[in-house]
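In what follows, a structure is listed as structure tokens, so that the remarks can point back to it.
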Amino acid sequence: MNWGTELWDQYENLAAHTHKGIEFLDKYGNFVKERCAIELEYAGKLRRLVKNYQPKRKEEDEYQYTPCKAFRQLLQELGDFAGQREVVAENLQSNVVRELHLLAKELREERKQHLNEGARQTAILNAAIGALERARRTYERAARESERALEAFQRADADLNLSRAEVEKQKANMKLRSQASEDAKQEYTDQLRKTNEAQRQHYEQRLPHVFKQLQDLDEKRIKNIKNFMLSSVDVERKVFPIIMQCLEGMEQAANNINEKEDTQLVIDRYKSGFVPPEDFQFEPAAGGDTTDSSTNHHHHHNHLTAARGTVSGNRIKKRGGLLSIFSSNKEDYSDLPPNQKKKKLQAKVHELTKQVAQEQAAMEGLMKMKGVYETNPTLGDPMTVEGQLNECCDKLKKLRTQLRKFEELLADANSQVSATTLHTLPARANGAPPAPATSIGSNSESLSRSASESSVSTGTGAGGTGGGVGSGGVTAGGRTAGGSPESGLGGELAVAHADHTNGDGDHDHDHDNDHESDFDYYYEPDLQPLGYCMALYAFEANGTGSTMRMECGERLLVLETDAGDGWTRVRRRHTREEGFVPTTYIATTLYADARDH
């Protein structure tokens, strides 16, 4: 297939075809260029989309849930995906668009040169044809003049009236014209030979060579368009592995969504640790039995106390939205509910532990550096490290002090949460009492709660004691210093009741006075009752002489409240028997004067 032989007479069409081919190359180049712009715009819009939907600082807490984590991961993968679209645009711009522009410019210049050469060869052929035409016309004219001269000579030779000189003149003219005709014929013959040779060379060599160059130019254009399209596909294919990783990352993020985990996270996040309120009790009409009225008042008070504890847990701070319901403004988180306080303290202890470890590592590094400097003074002055060591040591001491402080707060919070957990309604409904506080035994360490406690006499009855017990010298007023996880619940109820009474001004103080008058007969001048309590569960004494047996539902006088060790000192109304009972086994109500103190 050769344009020179097959299309020898299609010079104009081939010139137009090559022009259209280069225009198509420009068109494809503009297409790729606009596609690059679209890819860049697409990537830019994706990046803006990712930026607009990035979690704000105030939303960080919300992004602990698995759908939010998955969404954040999806945004990250989408950002990487946008980056790959930018890579596609950049590679297309450098590998295709720029090369296309250079190729189109090169082809235009080559086509112009080939067409100029073709025009020159055509001009040469046309010149030869023009010379042939002129020679032919000259020959024809000379031939006609020779024939006329011959005819004139023949007429003159036949005319007897003409002189011999006249005939000779016509004969000389004939010979002259005949020679001119022969010369013109020879010139025409030579020019015809030259023109035919030029025409053969033009259509067999020169013009086919020009057409072959145009053919090579057009094939080069077509081949490069093919390569550019393949290059565009290759640019896409190279980013496919990373794009597939982005899609797999999005898929993995979606598969990591776990509704059960989020449900537990909501519980851990918003659980206050407060005890649900007790059931409402039946309250008889006025004039009913005094004992039943007192009991019903006690149950009603317990419900209000528990309910107040639950509601107050949600009113610890002015709510600024759901996320700030358990935020704290105090360093020790004492204004948070028990469970949330425990979580905050655990996080603080973890943070301080990491800081202590970092400071210890830094101090060890400084010590090694100082040792190296002392061994080889040429490396440095050991005194330059001394200041840093002192600063690091001071910082380490402060961190350890803070760590001990928050560890103690965490231990107290654990005790409070455990006590609250054991004092829940389901345990009461099943009739299972909570575990009692640490027993008061003969080997326990003595703990005196007040200066007047050493003068308290022991009560009578099966639970009474007659002085010191065992080698430890524990009196009836003493108790173990160590508390159980249930310690402090009775004190919490008393404080909660006091808060309820002092916070709500409509509480009837005369009602408390009625209780006081009910127990006036049993007052002792040396240790006045602080209030009364109701036994929630039965308790058996451990036989050491400091604890006291009680029955479920029994009412007792409170002589001393829980000091944090899990035990409350009580007195039986009729037998005047005294002893200690687990605080978690009773519901305490303090008198107004005791609450005031």
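Just so you know, residue 1 is the first one in the sequence shown, and it goes up from there.
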*How far apart are the C-alpha atoms of Leu107 and Lys220, what are their side-chain angles, what is the distance that settles it, and do they pass the side-chain contact (heavy atoms from CB on, under 4.5 Å) test?*
CA-CA 9 Å; Leu107 293 180; Lys220 179 181 179 181; 4.1 Å; yes
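- One distance of note links CG of Asn224 with CG of Leu103; it measures 4.5 Å at 0.5 Å rounding.
- Rounding to the nearest 0.5 Å places CZ of Phe228 at 14.0 Å from CZ of Phe31.
- No more than 12 heavy atoms of other residues, nucleotides or ligands lie within 6.0 Å of NZ in Lys260, so this atom counts as exposed by the packing criterion.
- Between Gly553 and Met534 the shortest heavy-atom distance is O-SD, 3.0 Å.
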*When you look at Ile225 and Met229, which way does the side-chain contact (heavy atoms from CB on, under 4.5 Å) test go after all the steps?*
CA-CA 6 Å; Ile225 289 178; Met229 289 184 176; 3.9 Å; yes
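- Between the side chains of Asp262 and Thr66, at least one donor N or O lies within less than 3.5 Å of an accepting N or O.
- Note that CD of Glu110 and CG of Asp216 are 9.5 Å apart. Values are rounded to the nearest 0.5 Å.
- Taking 4.5 Å as the limit, every side-chain heavy atom of Thr588 sits out of range of all side-chain heavy atoms of Tyr532.
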*Before giving the answer on side-chain contact (heavy atoms from CB on, under 4.5 Å), spell out for Leu247 and Met250 the whole-Å C-alpha distance, their side-chain angles and the decisive distance to 0.1 Å.*
CA-CA 5 Å; Leu247 297 178; Met250 295 179 186; 4.2 Å; yes
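- The 12-atom threshold is not exceeded at CD of Glu391, counting heavy atoms of other residues, nucleotides or ligands nearer than 6.0 Å.
- The structure places CD of Gln245 at 11.5 Å from CD of Gln252, a figure rounded to the nearest 0.5 Å.
- Salt bridge annotation for Glu236-Arg85: present, with a cationic side-chain nitrogen under 4.0 angstrom from a carboxylate oxygen.
- Ion pair Lys45/Glu41 flagged as a salt bridge, since at least one NZ, NE, NH1 or NH2 atom sits closer than 4.0 Å to an Asp/Glu carboxylate oxygen.
- Residue pairs meeting the salt bridge (charged side-chain N to carboxylate O under 4.0 Å, His left out) criterion with at least one member in residues 357-377, sequence neighbours excluded, are Glu359-Lys395, Lys370-Glu386.
- In this structure, the side chains of Phe580 and Thr568 stay at 4.5 Å or more apart for every pair of heavy atoms.
- A donor and an acceptor atom, one from each side chain of Tyr65 and Arg269, are located under 3.5 Å apart.
- Atoms CG and NZ, from Leu409 and Lys342 in turn, are 14.5 Å apart once rounded to the nearest 0.5 Å.
- Of all heavy-atom pairs between Cys533 and Val570, the closest is SG-CG1, 4.0 Å.
- Taking CD from Glu278 and CZ from Phe280, the interatomic distance works out to 11.0 Å, rounded to the nearest 0.5 Å.
- Using a 4.5 Å heavy-atom cutoff, the side chains of Asn95 and Glu99 are not in contact.
- For the pair Thr353/Val349, a side-chain contact is recorded, criterion being any heavy-atom separation below 4.5 Å from C-beta on.
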*Could you check Glu351 against Gln355 for side-chain contact (heavy atoms from CB on, under 4.5 Å), going step by step and ending with a plain yes or no?*
CA-CA 6 Å; Glu351 177 186 355; Gln355 293 180 5; 3.3 Å; yes
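- Shortest non-hydrogen contact noted between His17 and Asp218 is NE2-OD2, 3.1 Å.
- Annotation: side chain of Leu556 is not in contact with side chain of Ile586 (no heavy-atom distance under 4.5 Å).
- A salt bridge (charged side-chain N to carboxylate O under 4.0 Å, His left out) check over residues 86-96, counting only residues at least two apart or in different chains, returns the pairs Arg47-Glu86.
- Side-chain contact check for Asp234 versus Leu230: every heavy-atom pair is 4.5 Å or farther apart.
- Between Tyr28 and Ser232, the closest heavy-atom pair is OH-OG, 3.7 Å.
- Residues Glu407 and Leu403 meet the side-chain proximity criterion, which asks for heavy atoms closer than 4.5 Å.
- Looking at Thr583, its side chain does come within 3.5 Å of a backbone N or O of Gly566 through a donor-acceptor pair.
- Closest approach of Leu75 and Tyr53 over heavy atoms only: CD1-O, 3.2 Å.
- The side-chain heavy atoms of Tyr373 and Asp381, taken from C-beta on, include no pair separated by under 4.5 Å.
- By the neighbour-count criterion of 12 heavy atoms within 6.0 Å, atom CD of Gln360 is densely surrounded, having more than that number from other residues, nucleotides or ligands.
- Looking only at atom types and distance, the side chain of His350 has no donor-acceptor partner in the side chain of Gln346 under 3.5 Å away.
- For Arg404, the salt bridge (charged side-chain N to carboxylate O under 4.0 Å, His left out) test picks out no residue, with sequence neighbours left out.
- There is a side-chain donor-acceptor pair under 3.5 Å between Gln73 and Glu77.
- A pairwise comparison of heavy atoms in Ile22 and Arg221 identifies N-CD, 3.7 Å as the closest pair.
- With no hydrogens or angles considered, a side-chain donor-acceptor pair links Gln264 and Asp268 at under 3.5 Å.
- Of the possible polar contacts, one joining the Thr401 side chain to the Lys397 backbone as a donor-acceptor pair under 3.5 Å is found.
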